[in-house]
Amino acid sequence: MSLGQHLVELRRRLMIAALALVVGMAVGFLITDPVLKLITEPIRQVAQTRGETGAVELMFSTVTSGFDLKLRMSFAIGLLISAPIWMWQIWAFVMPGLTRKEIRYTVGFLAAAIPLFFAGCWAGLVVMPHIVELMASFVPAGAAAFYDASYYYDFVFKLLLVVGVAFVLPVFLVALNFAGIMSGRAILKGWRIAVLVSIVFAALATPAADIVSMLLLSGILVVLFLAAAGVSLLFDRRRAKRVAAILPPEAPA
């Protein structure tokens, strides 16, 4: 294909992806209320716990803040709903330029990264109520806690995104190993740092009093890191066998 044909193909792929995103946003706009109810459930739990000692409510501080929040949520939900379509458009545009081995590796990485990302988002959704409850405990009795809706949504969205990306990091370690940038032994050698980072991350993402959630989250991250190191070591061993089979044996002295 010529450069002009590539540009025409790119424009066609982008238009299909954009149309899928618009449709996904339309669907997302219709389901923002149940999604908002789901992520604001911790606020209602805190309000029920505090009782009459202080109000705990979600606050919309401007006239258009409710509509703005629905638009932002619609975009995020639409991006998620239309992900299979726009990801396929990207893949269909790039795939003709890849070798068979690169296609196999890319499919393997995506097949591992996507479920891990959603598993991380689910873990973030599980620990999120504990964080809200912990932060609300610092509000003095008799004082009101009003959470700005836009700020609260940003907090939840970033938390889910960060925990989701943390679950995908082992896949990037394996990708670095496959690219020859890091050996499996080098990855495994950093296990102490990985354990420390996992514990610190889990301690920040969970309340101090909830030791079980902290240990569970840090344990999952450590297991994922060790799995990435194990896969990298196996690949290094296979690579060494292939190199030994290709290179001629050394002549005796």
Side-chain angles (χ1 to χ4, degrees), residues 10-45 58 60 64-95 103 105-132 147-175 201-202 204-206 213 216-217 220-221 224 228:
L10 178 61
R11 183 181 65 180
R12 187 174 72 89
R13 299 290 181 185
L14 290 176
M15 288 181 63
I16 295 175
L19 180 62
L21 177 60
V22 171
V23 174
M25 288 181 62
V27 176
F29 191 85
L30 298 176
I31 63 174
T32 51
D33 289 340
V35 173
L36 185 61
K37 183 178 180 180
L38 173 66
I39 64 176
T40 55
E41 180 62 26
I43 296 179
R44 289 187 291 274
Q45 293 178 358
L58 191 69
F60 293 88
T64 61
S65 58
F67 181 73
D68 293 341
L69 181 61
K70 287 182 72 73
L71 283 182
R72 295 176 60 189
M73 293 180 64
S74 300
F75 177 77
I77 297 172
L79 195 65
L80 183 63
I81 294 176
S82 62
I85 298 177
W86 58 258
M87 288 182 68
W88 168 251
Q89 297 304 316
I90 296 174
W91 174 249
F93 181 76
V94 175
M95 185 175 58
I103 292 175
Y105 286 161
T106 304
V107 171
F109 289 140
L110 289 177
I114 293 175
L116 283 175
F117 177 77
F118 284 110
C121 292
W122 176 81
L125 194 63
V126 170
V127 302
M128 184 260 296
H130 302 290
I131 300 176
V132 175
Y147 298 99
D148 182 76
S150 179
Y151 180 85
Y152 182 82
Y153 171 73
D154 285 341
F155 160 74
V156 174
F157 181 78
K158 291 175 182 177
L159 175 65
L160 301 184
L161 186 63
V162 167
V163 180
V165 170
F167 273 58
V168 179
L169 284 179
V171 178
F172 287 105
L173 291 177
V174 175
F201 178 81
L204 293 175
T206 56
S213 298
L216 180 62
L217 181 57
I220 292 174
L221 294 175
L224 290 175

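Atom set for the values below is all heavy atoms of this structure, side chains included, hydrogens, waters and symmetry mates excluded. A quick note: this is a predicted structure, and the numbers were derived from the prediction, not measured.
- Residues Phe75 and Leu21 meet the side-chain proximity criterion, which asks for heavy atoms closer than 4.5 Å.
- A heavy-atom distance below 4.5 Å is not found between the side chains of Leu19 and Trp86.
- Contact detail for Thr32 and Met73: the closest heavy-atom pair is O-CE, 3.6 Å.
- Remark: Lys70 NZ to Leu30 CG distance equals 8.0 Å, nearest 0.5 Å.
- Atom CG in Leu169 sits 9.0 Å away from atom CG in Leu221 (nearest 0.5 Å).
- At least one side-chain heavy atom of Pro42 sits less than 4.5 Å from a side-chain heavy atom of Met128.
- Atoms CG and CG, on Asp33 and Leu38 in that order, are 12.5 Å from each other to the nearest 0.5 Å.
- Atom CZ of Phe60 is surrounded by more than 12 heavy atoms from other residues, nucleotides or ligands within 6.0 Å.
- In this structure, CG on Leu173 lies 10.5 Å from CG on Leu224, to the nearest 0.5 angstrom.
- Scanning both residues, Ile81 and Gly28, for their nearest heavy atoms gives CD1-N, 4.5 Å.
- Side-chain contact check for Leu79 versus Met25: every heavy-atom pair is 4.5 Å or farther apart.
- Looking only at distances, no side-chain donor or acceptor of Arg72 sits under 3.5 Å from a matching main-chain atom of Asp154.
- Annotation: side chain of Met15 is not in contact with side chain of Arg12 (no heavy-atom distance under 4.5 Å).
- You'll find the side chain of Thr40 reaches within 4.5 Å of the side chain of Leu36, heavy atoms only.
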Test log, rule side chain to side chain contact (heavy atoms under 4.5 Å, CB included), inputs Leu125 and Leu160: CA-CA 7 Å; Leu125 194 63; Leu160 301 184; 4.1 Å; yes
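- Annotation for Ser82 and Ala20: closest pair CB-O, 3.4 Å, computed over non-hydrogen atoms.
- Separating the CD1 atom in Ile16 from the CD atom in Gln89 is a distance of 4.5 Å, to the nearest 0.5 Å.
- At least one donor-acceptor pair closer than 3.5 Å links the side chain of Tyr152 to the backbone N or O of Ile39.
- Note: Phe29 CZ to Ile77 CD1 = 10.5 Å, rounded to the nearest 0.5 Å.
- Pairing each heavy atom of Ala123 with each of Val163, the nearest pair is CB-CG1, 4.2 Å.
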Please step through side chain to side chain contact (heavy atoms under 4.5 Å, CB included) for the pair Tyr153 and Val35, ending with a clear verdict. CA-CA 11 Å; Tyr153 171 73; Val35 173; over 6 Å; no
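- Annotation: side chain of Val165 is not in contact with side chain of Phe172 (no heavy-atom distance under 4.5 Å).
- The shortest distance between side-chain heavy atoms of Val132 and Phe155 falls below 4.5 Å.
- Residues Leu69 and Ala149 approach most closely at CD2-CB, 3.9 Å, considering heavy atoms.
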